[in-house]
Amino acid sequence: LEMVDSGLLLSFVEAFFHAFIHYYFMRKLLPNRLRSYQLLLMAFVYALWSVLRLPALMGTSYHLWMNIFINVWTQFVIIFLFQGRYWKKLIVWWYYEIIKAICQAVSFIPILAYYKLYGFSGEWAQFVASVESNTVLKLAYVAFFIPLFLLFGFLSVTIWRRILMRKFSLFYLLFI
């Protein structure tokens, strides 16, 4: 595999695990009609379409339509496959989207520190594009991102279950 192809493969793996973990944790917090094979299929489709949004195509109409498709697909999953009130489904989904964004930003910090050590002074978009195109850096980013997302997800599920069992007060969340 060439560097670009292996970077694309890593992007696919990252998108697949992101979608699978995201929906898995939502499944722990919300009642749903999902079976395991549906969960895997949804994550696979999400990853497949996410990877088609190559950085070289950013700003084109193709990139715009891919983003719209991903957003509609995710909304479809939230609205129709998870049960409960719509606002509750959206809050859980937004919560995991915020956790994902935080984990992504934190995962870039060690790589950014490495770049700064060697005198990189470009813009953020240029930095992200260089990570996406470099297999080693992308692998380091994924190695930070996935375990961090798993940690925060399991911690969230554990705290929520403790709150429901009345073994944990919402007051303590202020300290966290």
Side-chain angles (χ1 to χ4, degrees), residues 1-58 63 66-82 89-115 124-125 127-161:
L1 290 174
E2 293 181 18
M3 290 297 262
V4 174
D5 293 336
S6 56
L8 189 64
L9 179 65
L10 277 171
S11 295
F12 179 83
V13 169
E14 177 204 356
F16 178 81
F17 276 111
H18 156 247
F20 181 74
I21 293 165
H22 195 128
Y23 295 133
Y24 175 78
F25 287 136
M26 285 189 68
R27 186 178 180 185
K28 293 286 187 187
L29 297 179
L30 291 171
N32 59 75
R33 295 184 282 268
L34 290 170
R35 292 193 166 77
S36 295
Y37 74 91
Q38 290 172 316
L39 198 66
L40 287 169
L41 182 64
M42 283 188 327
F44 182 78
V45 169
Y46 180 92
L48 186 64
W49 287 102
S50 293
V51 168
L52 291 177
R53 299 178 308 159
L54 296 173
L57 297 172
M58 282 187 176
H63 183 256
M66 286 282 77
N67 274 327
I68 290 171
F69 177 82
I70 293 290
N71 289 325
V72 168
W73 169 262
T74 309
Q75 292 295 330
F76 170 80
V77 169
I78 299 301
I79 293 168
F80 294 109
L81 293 178
F82 286 92
K89 292 187 267 190
L90 280 179
I91 286 174
V92 173
W93 182 59
W94 286 336
Y95 174 76
Y96 280 108
E97 282 294 309
I98 290 168
I99 286 180
K100 182 198 80 168
I102 291 169
C103 290
Q104 286 175 328
V106 169
S107 298
F108 274 121
I109 289 172
I111 301 166
L112 185 60
Y114 171 79
Y115 261 77
W124 178 256
F127 166 70
V128 171
S130 66
V131 171
E132 292 291 327
S133 62
N134 186 319
T135 306
V136 175
L137 294 177
K138 181 73 177 177
L139 189 59
Y141 163 74
V142 170
F144 281 111
F145 168 69
I146 291 176
L148 201 58
F149 195 26
L150 277 168
L151 176 72
F152 279 118
F154 277 118
L155 188 64
S156 303
V157 170
T158 304
I159 289 172
W160 183 246
R161 287 192 175 162

For this session: Considering non-hydrogen atoms only, spot the tightest contact between Lys89 and Leu30 and give its length.
Result: CA-CD1, 3.9 Å
Exercise. So, do Phe25 and Leu150 sit near enough that their side-chain heavy atoms are less than 4.5 Å apart?
Worked result: yes
Problem set entry | Non-hydrogen atoms of Phe152 and Cys103 that approach each other most closely | CD1-SG, 3.5 Å
Exercise. Which heavy atom of Pro147 sits nearest a heavy atom of Phe144, and at what distance?
Worked result: CD-O, 3.6 Å
Problem set entry | Any Met42 side-chain heavy atom under 4.5 Å of His22 side chain | no
Problem set entry | Side-chain heavy atoms of Phe16 within contact of Leu40, under 4.5 Å | yes
Exercise. Nearest heavy-atom pair of Gly153 and Tyr96: which atoms, and what distance?
Worked result: O-OH, 3.7 Å
Problem set entry | Spacing of CD1 belonging to Ile21 relative to CD1 belonging to Ile146, to within rounding of 0.5 Å | 5.5 Å
Exercise. If you take all heavy atoms of Ala43 and Ala19, which pair is closest and at what distance?
Worked result: CA-CB, 3.8 Å
Seminar exercise, completed: Rounded to the nearest 0.5 Å, the NZ atom of Lys28 sits from the OG1 atom of Thr158 at a distance of 10.0 Å
Exercise. What are the two closest heavy atoms between Leu29 and Trp160, and how far apart are they?
Worked result: CD2-CD1, 3.3 Å
For this session: Using the test salt bridge (charged side-chain N to carboxylate O under 4.0 Å, His left out), find all partners of Lys100 that sit at least two apart in sequence or belong to another chain.
Result: Glu97
Exercise. Which pairs pass side-chain hydrogen bond (donor to acceptor under 3.5 Å, both in side chains) with one or both residues in residues 145-154, sequence neighbours excluded?
Worked result: none
Exercise. At what distance, to the nearest 0.5 angstrom, does CD of Gln104 lie from NE2 of His18?
Worked result: 6.5 Å
Exercise. Does the separation of the ring centres of Phe20 and Phe44 fall below 6.0 angstrom?
Worked result: no
Exercise. Got Leu90 and Trp93 here, is their nearest side-chain heavy-atom distance under 4.5 Å?
Worked result: yes
Problem set entry | Residue list, ring-ring contact (aromatic ring centres under 6.0 Å, His included) with Tyr24, at least two apart or on another chain | none
Exercise. Which distance, rounded to the nearest 0.5 Å, do you find between the CG of Leu151 and the OG of Ser156?
Worked result: 9.0 Å
Exercise. Between atom CG of Leu81 and atom OH of Tyr23, what is the distance when rounded to the nearest 0.5 Å?
Worked result: 9.0 Å
